[in-house]
Amino acid sequence: MSRTDAETVVPAGQGAAVSTAHSPAAYMLGVAALCVIVLVSTLWTALAQPWLGITLAQGQKGIPAIVAVEDGGPVAASALDHQLLSVAGPIGRGVALVNDDLTEEADFLGSYDALRQFFARQDQLAGILAAGGPVRLTLDNGTVIEAMPGARPLGTLPVAFWVQYLTGAGALLIAGWVWAIRPRDAAPRIFLLSGLCMIASTHAAAIYSTRELAIDGTLFRFLSCLNFGGSLGFGGAAIALFLLYPKALVPIRQLLWLPVALALVMVLDIAQVLHSVSLVHYVPTAFEMALIVVLVGVQWRVNRGDPTARAALAWLGLTIIVGAGCFILIIAAPLLIDRQPSMSQGHAFGFFLAVYIGLALGLRRYRLFEIGEWSFRVLFYGGAVLAMLLLDAGMLYVLHLRPEPSMGLALIAVGFLYLPFRDAAWRRVVARRRMSESELFGAAAAVAFTASAVERAGRWQALLRRLFDPLEVVALEHFAGPVRVGRDGTELLLPPTAGAPALALRYPWGGRALFGPAHLDLARQLTDLVGHADRSRDAYDRGAAAERQRISRDLHDDVGARLLAGLHKPDVAQVRKILREAIADVRTIASALAGDRLPLATVLADLRHETAERLEAAGVALDWPPAADDDGPMLDYVLYHNLVSALREIFSNVIRHAHATRVRVALDLCPDRLDVEVSDDGVGLPAGARPRGNGLANIAQRLREAGGRLEFPAVERGLAVRLVVPLKGAGGRA
Amino acid sequence: MSGANNRLGLVVEDLDETRDFLAACLTEALPGMSVSTVGDLASARAWVAERLTPATVAVVLVDLGLPDGSGIDLIRLLADRYPAALPVVTTIFDDDRHLFDAIAAGAQGYLLKDQDAPALVTYLRRIDGGEQPLSPSIARRILGHFRRPTPAPETALTPRETDVLQLIGRGLRVNEAASILGLTDHTVAGYVKSIYRKLNVSSRAEAALEAARLGLV
């Protein structure tokens with residue numbers, strides 16, 4: 001199977017293959033949509049938890065302390081700075097609180113036993129809080145405060161929540177962007193997987209690590225599992241990435257062992273076979289980290305002959321090792337030696353956001369994953385769509401908070417301010433711009449009629465950019481057409497046109513659409529149109545060049561020869577005569593600039609007029625019946641130039657040598673031949689002296705050039721000269 | 001013909017020898033005339049401003065390609081403001097486009113500078129006598145001009161004028177055209193004169209129309 005077949009080229013007029021492919025922006029849109037779904041569900045879950053409006057911290061004697069109370073919240077301000085002994089429902093016994101209930105991350109607790117207890121307590125506490133009735137809080141001074149848990153306001157979510165929230169979203173967006181641009185390549189796919197793992201891990205942690213006191217145990221277990229699986233998966237993805245990129249170290253099938261190994265760890269975790277959570281959670285993580293470092297080292301060695309790959313590896317490797325390494329050193333390492341991390345895990349997740357941002361920044365400089373500069377437009381587009389959707393979500397949230405009476409006002413504001421603004425923003429950033437037909441025609445004409453080849457090529461490319469707005473335009477060396485769509489509709493191939501090389505236009509309309517049959521037709525017509533104009537102009541240029549050459553030859557041969565002759569004449573009168581003849585030559589040559597071909601009648605009319613004046617000045621009568629109204633055949637420049645020059649020379653001879661009183665000119669026009677006979681009543685040629693001088697030899701030479709001949713019919717008196725000129729080369733009538 | 005003694009002559013020509021040659025021809029053709037010479041457009045304008053009044057009778061020989069501009073501008077100035085002056089184009093090439101433009105601007109005739117002195121003197125006297133030259137190519141061009149709808153209907157050619165142009169366009173001379181049309185040479189010369197005038201008027205009307213269209217007036 002040839003390479004071309006493998007590329008899935010869409011043949012002319014057939015767009016079936018198009019439906020199986022998607023443009024980068026379509027993938028990006030999918031990523032952005034997934035991102036929005038996750039962002040909204042995470043936020044909704046976090047806000048749906050029962051809320052007391054208190055902030056708890058580890059307190060003395062293992063009992064949590066209330067370190068802050070929300071103004072106007074469910075709990076009275078008097079609870080501040082007291083330890084919270086227990087939480088109870090309206091009836092029944094309460095649950096006594098311990099510091100461990102506040103743990104940010106369940107696996108900090110060390111053992112699976114502690115973990116099970118912790119989840120059981122979370123279940124109880126969450127059950128009390130979510131029962132729907134008031135809860136009773138017992139403080140260390142013996143007072144019991146009743147409070148009605150409400151919905152958690154957005155503003156009470158702590159910084160740690162937002163760091164994790166944004167880290168997850170950023171990771172998915174950036175990884176999804178890389179994948180949207182190279183959806184078929186293994187490395188970007190793995191990178192996308194890492195982004196999915198990251199958002200799963202961070203968003204799960206964002207929900208439970210910033211809980212006020214408790215969330216439902218089942219949810220907690222699920223989120224905890226998601227968090228662990230996510231971090232494990234992120235490490236696994238990074239390992240897979242460095243096994244494949246920049247150089248594949250193992251066959252791609254071998255990568256399947258990775259998910260198998262990770263699944264085993266997960267099973268180990270869920271089954272709780274071992275005693276220590278820290279061991280199950282952090283040893284594999286640390287092992288992954290070590291493996292990443294080793295693989296980066298191996299890739300470094302393997303790529304020693306390839307500086308570009310090394311540069312990409314250095315950036316990618318360092319970003320991941322430094323980012324993930326910082327996280328592990330700060331969070332996992334202390335836990336492995338039974339100490340509490342010195343920094344909140346929520347904040348430490350920020351290192352991963354740094355990883356992804358670092359990768360995005362390095363993409364262009366180091367051409368990571370072979371991604372071109374243009375791909376930033378796809379990211380921009382994804383970001384714009386995301387922003388727009390979030391704006392909509394925010395608008396709904398704000399409307400939702402509004403009390404009833406101001407609802408009408410809010411709707412008016414939405415209708416008159418928000419919607420027009422949103423529409424304008426959408427059109428500016430996202431919508432596709434179209435070109436009208438008249439614009440298109442004008443632009444195509446402008447391409448064809450631009451003077452210089454470089455400018456033409458530039459305008460051609462500019463026109464294509466305006467028409468299809470491709471993300472990437474690549475010059476091809478070996479493509480001669482015809483126009484076709486390739487790579488599942490993401491690419492349009494155009495043959496060399498208007499002085500530009502063959503071009504591949506990739507990812508039309510900012511990567512938001514694919515090339516279809518209609519675009520193929522348009523491109524084909526446009527290429528034909530511009531190509532045709534191009535060839536016509538080339539033919540014209542060649543004609544013009546030939547004419548210039550002819551004129552320069554005539555100037556040299558006719559005028560130059562005359563002037564040279566004049567240079568050597570001793571007599572001033574003779575020099576003047578020669579100069580006048582040279583000027584007459586220049587006149588004929590210059591008149592050729594006005595047009596290539598002239599009607600015979602026009603040529604003869606001008607010659608007749610000129611001759612009449614010359615003969616009149618010389619006192620010789622002219623008998624030359626005027627031509628008919630008809631224009632006669634069209635004469636080529638070579639023909640009329642030679643004819644006029646020959647006749648001029650003949651009349652000069654008559655004036656100079658013949659001592660004639662009358663000259664007669666008779667024309668005989670046949671369809672394929674013109675005979676011109678000039679006869680005078682002068683002295684004629686001395687016997688045996690013909691042809692006389694250079695003049696007649698010149699005339700004969702000119703006629704031969706025009707394919708004709710010179711004859712001397714016998715006459716009784718004076719001299720007759722007949723010019724026979726073939727007209728077969730001369731085309732139709734004017 | 002006219003009181004040559006109070007007439008002025010001007011030769012506008014950038015080549016020194018040609019200027020002297022033309023001045024000599026002008027002096028010979030119209031004796032008693034005081035002939036001045038200048039080498040560029042600016043000096044010609046200065047001379048006109050200083051020496052001419054609308055009533056001054058003058059013959060001005062104007063070269064078209066001057067170092068500081070086109071002689072056509074000077075011809076237009078003379079035709080517009082000095083109706084008694086006789087602007088005549090002197091040219092090396094009887095390039096019909098430039099000559100047509102010059103006639104449209106108000107030139108009363110043209111001379112080919114490569115002719116010898118006797119021929120030039122003859123043609124100058126003819127122009128001065130109201131016998132204006134008309135070559136076939138210029139005749140054809142004028143015909144082409146009037147074939148288009150003219151903005152000033154009163155300047156349209158009469159059938160006789162059209163006949164004259166057609167015959168000259170086919171290479172006939174004025175006297176030949178006259179004998180074919182059964183007219184006197186003098187009458188045909190009068191037609192040529194009126195053709196010159198109508199071309200001048202109609203091209204002015206066209207220019208005015210164009211200016212109005214462009215919003216210049």
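Nothing here was measured: the structure is a model prediction, and the numbers come from that model. Letters go in sequence order (proteins before strands), and every chain restarts at 1.
Counting non-hydrogen atoms of other residues, nucleotides and ligands closer than 6.0 Å to CZ of A:R664 gives a total of 12 or fewer. Atom CZ of A:R656 is surrounded by more than 12 heavy atoms from other residues, nucleotides or ligands within 6.0 Å.
The two atoms that bring B:P136 and A:A605 nearest to each other are CG-O, 3.6 Å, heavy atoms only. For B:L172 against A:R608, the heavy-atom pair with the smallest separation is CA-NH1, 3.5 Å.
B:I92 CD1 to A:I583 CD1: the interatomic distance, rounded to the nearest 0.5 Å, is 4.0 Å. For the atom pair A:K577 NZ and B:D116 CG, the distance stands at 12.5 Å (nearest 0.5 Å). The NE2 atom of A:H609 sits 15.5 Å away from the CZ atom of B:R170 when rounded to the nearest 0.5 Å. Atom CD of A:E581 is separated from atom CG of B:D114 by 11.0 Å, given to the nearest 0.5 angstrom.
Residue B:E176 touches chain A through its side chain alone, counting heavy-atom pairs closer than 4.5 Å. Interface remark: A:A617 contributes no atoms to any contact with chain B (heavy atom separation under 4.5 Å).
B:R173 and A:E610 are not joined by a salt bridge, as no carboxylate oxygen comes within less than 4.0 angstrom of a charged side-chain nitrogen. Under the 4.0 Å criterion applied to side-chain N and carboxylate O atoms, B:R140 and A:D606 are assigned as salt-bridge partners.
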